[in-house]
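Order of the sequence lines fixes the chain letters, A, B, ..., with proteins taken first and strands second; residue numbering starts at 1 for each chain. Values reported hereafter were calculated over all heavy atoms of this structure, with side chains retained and with hydrogens, waters and symmetry mates removed.
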2 protein chains.
Amino acid sequence: MNIYDIAKLSGVSIATVSRVINNSPKVSEKTKKKVWDVMNEYDYTPNVFARGLGLNSVKTVGLVCPDVSDRYMASAIAYLEKNLRKYGYDSILMCSGFDYEGKVEAVKILLDRRIDAMILVGSHYAGDCGQNDIQYLKDAAQKVPVVLMNGYVRVPGVYCVLTDNYKAVYDTVCNLIEVGRKKIVFLYDANSYSTTKKLEGYQDALIDNGLKVQEEYKVFMPNNVLKARDLLAKKRLDFDAVIASDDAMAVGALKYVHQINKSIPEDVNVVGFNNSELCVCCNPEMSSIDSQEEELSEIAVDSLIKVLAGKSVRQKMEIPCKFIKRNTTQF
Amino acid sequence: MNIYDIAKLSGVSIATVSRVINNSPKVSEKTKKKVWDVMNEYDYTPNVFARGLGLNSVKTVGLVCPDVSDRYMASAIAYLEKNLRKYGYDSILMCSGFDYEGKVEAVKILLDRRIDAMILVGSHYAGDCGQNDIQYLKDAAQKVPVVLMNGYVRVPGVYCVLTDNYKAVYDTVCNLIEVGRKKIVFLYDANSYSTTKKLEGYQDALIDNGLKVQEEYKVFMPNNVLKARDLLAKKRLDFDAVIASDDAMAVGALKYVHQINKSIPEDVNVVGFNNSELCVCCNPEMSSIDSQEEELSEIAVDSLIKVLAGKSVRQKMEIPCKFIKRNTTQF
DNA sequence: CTGAAAGCGCTTACAG
DNA sequence: CTGAAAGCGCTTACAG
């Protein structure tokens with residue numbers, strides 16, 4: 001069953017059938033209905049490949065993230081897919097991994113697929129690879145609109161949607177200092193754009209409050225509860241507050257604090273990042289900074305749709321994080 | 001730059017170019033190389049839409065799950081995408097939601113896209129919708145191979161890959177009874193295929209050990225840590241062991257047990273399901289049943305590839321779960 | 001091993 | 001508002 005069959009059955013030309021498929025305004029309501037009825041009766045669906053050939057698009061966007069099994073990315077991907085579908089776009093998913101070759105390959109596959117646009121989730125795409133190479137991003141942006149979620153690069157054609165991680169950490173560290181904390185540890189697991197911003201927020205807050213930035217208080221580690229706990233145990237660091245670039249490390253720290261029989265929040269304050277389900281599993285429940293995936297996803301998709309419609313859109317859209325208070329902090 | 005350009009530049013016909021693109025054996029090595037060189041030099045990539053039109057496939061599979069932000073599904077999707085890519089298949093992701101209309105729509109969109117095959121993640125597709133309707137699945141299976149991950153339906157063309165949830169729960173409950181537990185609660189959040197099997201395992205183990213199945217010990221609740229905890233608190237159920245169909249509920253139960261000042265595992269045993277990161281966040285760390293997403297994903301993809309190659313494959317492939325012992329059980 | 005030609009099923013500028 | 005026709009860029013059966 002193809003467009004010729006439908007044309008014949010409804011007594012019009014294929015051009016007319018095509019027009020009603022595409023809801024062209026220049027078809028009379030009467031023949032529109034006639035053709036629709038036939039299409040419905042025979043359960044006709046236009047062949048995507050042929051449409052693609054003619055239109056040079058099948059309304060798909062490429063969604064790329066290092067790893068969907070990461071809680072933050074999964075949540076972002078879920079929202080993105082949902083929002084895109086509202087506009088009739090389907091999503092091709094690519095888990096690129098964290099290293100350069102994987103990213104380049106994922107982007108290439110998508111481009112070869114003639115996607116209409118691309119959304120990259122996670123600031124790892126903003127250049128964290130030593131060589132700091134984002135050439136593949138620049139090239140991609142020449143071909144299709146690219147939106148970067150949770151990262152920022154100043155490249156024409158890439159639209160960046162992110163939360164203000166710098167400020168979130170800065171404010172939190174100021175609050176920690178205000179309630180009397182002086183030995184504040186920062187836990188992080190990457191050198192991505194967003195993590196770097198968090199680190200800067202941490203350092204600046206210390207400095208602005210007259211505290212010294214101590215190298216041993218900046219602890220690089222895997223984002224894993226048990227490994228974080230054990231690494232801290234091994235280091236025997238003395239601290240009275242912890243802020244982490246992701247929840248798992250913070251929970252690990254919380255567990256370490258328990259091990260050494262200190263109380264939370266009396267002796268030590270703990271703050272996580274991303275406000276995941278992990279926060280309510282531990283005891284006490286953990287304060288965390290919410291990075292607003294839902295809002296970001298919505299902005300990402302809305303902006304993309306605008307760009308695809310030829311409208312202009314700002315290249316950097318930043319919204320604040322939200323501090324979620326639970327029981328590991330007094331503020 | 002299209003196939004005509006490449007043909008002209010390499011001094012052959014488009015038929016030959018097409019053959020080298022498709023790595024046809026009936027092209028001499030010499031002209032193959034000649035054409036390859038030209039394609040590489042001009043960075044030529046065949047147009048997918050045109051290929052799709054000709055071949056009636058662009059090597060994509062539809063991945064559908066109720067919600068990728070669920071930990072279990074995200075993990076499955078991640079493995080699936082990775083494994084599919086190895087075979088040159090791209091993945092279109094659809095989060096269908098949990099209700100019937102959403103599922104039907106997701107499947108329809110994919111079919112209209114002319115995907116080569118479909119993988120459904122989660123036993124919610126095995127008919128949990130009151131009306132128990134899996135007609136859309138049967139229809140889909142007429143058109144493309146369908147694999148169902150973590151569920152079972154006896155329908156031609158759908159291949160089911162799952163873990164033996166019945167046995168996992170049965171054995172665990174037997175173990176609980178063996179260490180002296182008598183008031184064992186079962187927490188669940190759905191009526192999907194897999195949850196039903198877990199429930200059956202629970203009941204049969206009780207019966208086989210001479211215990212009565214008490215209706216109030218089967219607690220239906222949302223799969224959410226805090227809600228589970230609070231619901232149990234409200235019910236004031238008296239129990240000495242808990243097994244849940246997913247980790248979050250089990251963690252909720254663990255927190256409730258703490259609230260009422262009982263000890264784990266001395267007074268109460270707790271066992272979760274899916275062995276997620278939540279298990280190591282709580283205190284003590286929680287025993288859980290691992291549902292082997294990685295292995296399942298691999299089997300799912302391998303089977304699919306076989307089916308697509310015209311080979312025959314069993315319709316039901318079941319592997320055992322794995323019990324992960326931590327500190328909330330004595331066995 | 002290679003090529004000329006038909007075919008895949010649409011879209012759309014052009015003419016009416 | 002509608003249709004005839006060209007075009008999109010491939011694949012492949014057929015002939016040589």
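At a threshold of 4.0 angstrom between heavy atoms, the contacts of A/Thr16 are confined to the sugar-phosphate backbone, with no base atom among them. Residue-level contact check: A/Asn56 touches neither bases nor backbone, having no heavy atom under 4.0 Å from any strand. Residue A/Phe49 is classed as having no contact, given no heavy-atom separation below 4.0 Å to the nucleic acid. Backbone-only contact: B/Ser28 has heavy atoms under 4.0 Å from sugar-phosphate atoms and none from a base. Residue B/Val17 is classed as having no contact, given no heavy-atom separation below 4.0 Å to the nucleic acid.
Other residues, nucleotides and ligands place more than 12 heavy atoms under 6.0 Å from the NZ atom of B/Lys34. Counted within 6.0 Å of NZ on A/Lys8, heavy atoms from surrounding residues, nucleotides or ligands total 12 or fewer; the atom is thus considered open. In this structure, A/Lys59 places its NZ atom where more than 12 heavy-atom neighbours from other residues, nucleotides or ligands lie under 6.0 Å away.
One P atom belongs to D/dG9, the other to D/dA13, and the distance between them is 23 Å to the nearest Å.
Atom-to-atom, CG of A/Leu53 to P of D/dC10 comes out at 9 Å; the value is rounded to the nearest Å. One atom, NZ of A/Lys26, and another, P of C/dC14, lie 11 Å apart when rounded to the nearest Å. The distance from atom CD1 of B/Ile6 to atom P of D/dG9 is 13 Å, rounded to the nearest whole Å. Rounded to whole Å, atom C1' of C/dT11 lies 15 Å from atom CG of A/Asn23. One can place CG of B/Asp112 at 15 Å from C1' of C/dC10, the figure rounded to the nearest angstrom. For the pair B/Tyr4 OH and D/dG7 P, the computed distance is 11 Å after rounding to whole Å. Here the P atom of nucleotide D/dG7 and the CZ atom of A/Arg51 are 22 Å apart, to the nearest Å. Distance A/Asn22 CG to C/dG9 P: 17 Å, rounded to the nearest Å.
Closest-nucleotide positions on DNA chain C for B/Gly54 and B/Glu29 were compared, and the one nearer the 5' end corresponds to B/Glu29. Comparing B/Tyr44 and A/Pro25, the nucleotide of DNA chain D nearest to each residue sits closer to the 5' end for A/Pro25.
Put simply, A/Asn2 has no side-chain N or O that comes within less than 4.0 Å of OP1 or OP2 on C/dC8. Contact check, B/Ser18 against D/dT12: no side-chain N or O comes under 4.0 Å of OP1 or OP2. For the OP1/OP2 pair of D/dG9 and a distance below 4.0 Å, the side-chain nitrogens and oxygens of B/Asn47 include no atom meeting the criterion.
Nearest nucleotide to the A/Ala50 side chain, out of D/dA4, C/dC10, C/dG3: C/dC10. Between C/dA4, C/dT11, C/dG9, one nucleotide has an atom nearer to the side chain of B/Ala15 than all others, and that is C/dA4. Comparing D/dA5, C/dA5, D/dC14 by their closest approach to the side chain of B/Arg19 singles out D/dC14. Closest contact between the side chain of A/Ile14 and the listed nucleotides C/dC10, D/dT11, C/dA4 involves C/dC10.
With B/Tyr89 as the partner, the side chain to side chain contact (heavy atoms under 4.5 Å, CB included) test is satisfied by one option alone out of B/Asn83, B/Leu308, B/Leu304, B/Val58: B/Leu308.
Listed for the A/Ser123 side chain is a donor-acceptor partner under 3.5 Å among the backbone atoms of A/Ser194. Side-chain N or O atoms of B/Asp67 include none that pairs as donor or acceptor with a backbone N or O of B/Gly97 at under 3.5 Å.
The partner of C/dA13, taking Watson-Crick or G-U wobble pairs whose two distances both stay under 3.5 Å, does not exist in any strand shown. Figure legend. C/dA4 is base-paired to no nucleotide; pairs are counted as Watson-Crick or G-U wobble with both atom distances under 3.5 Å.
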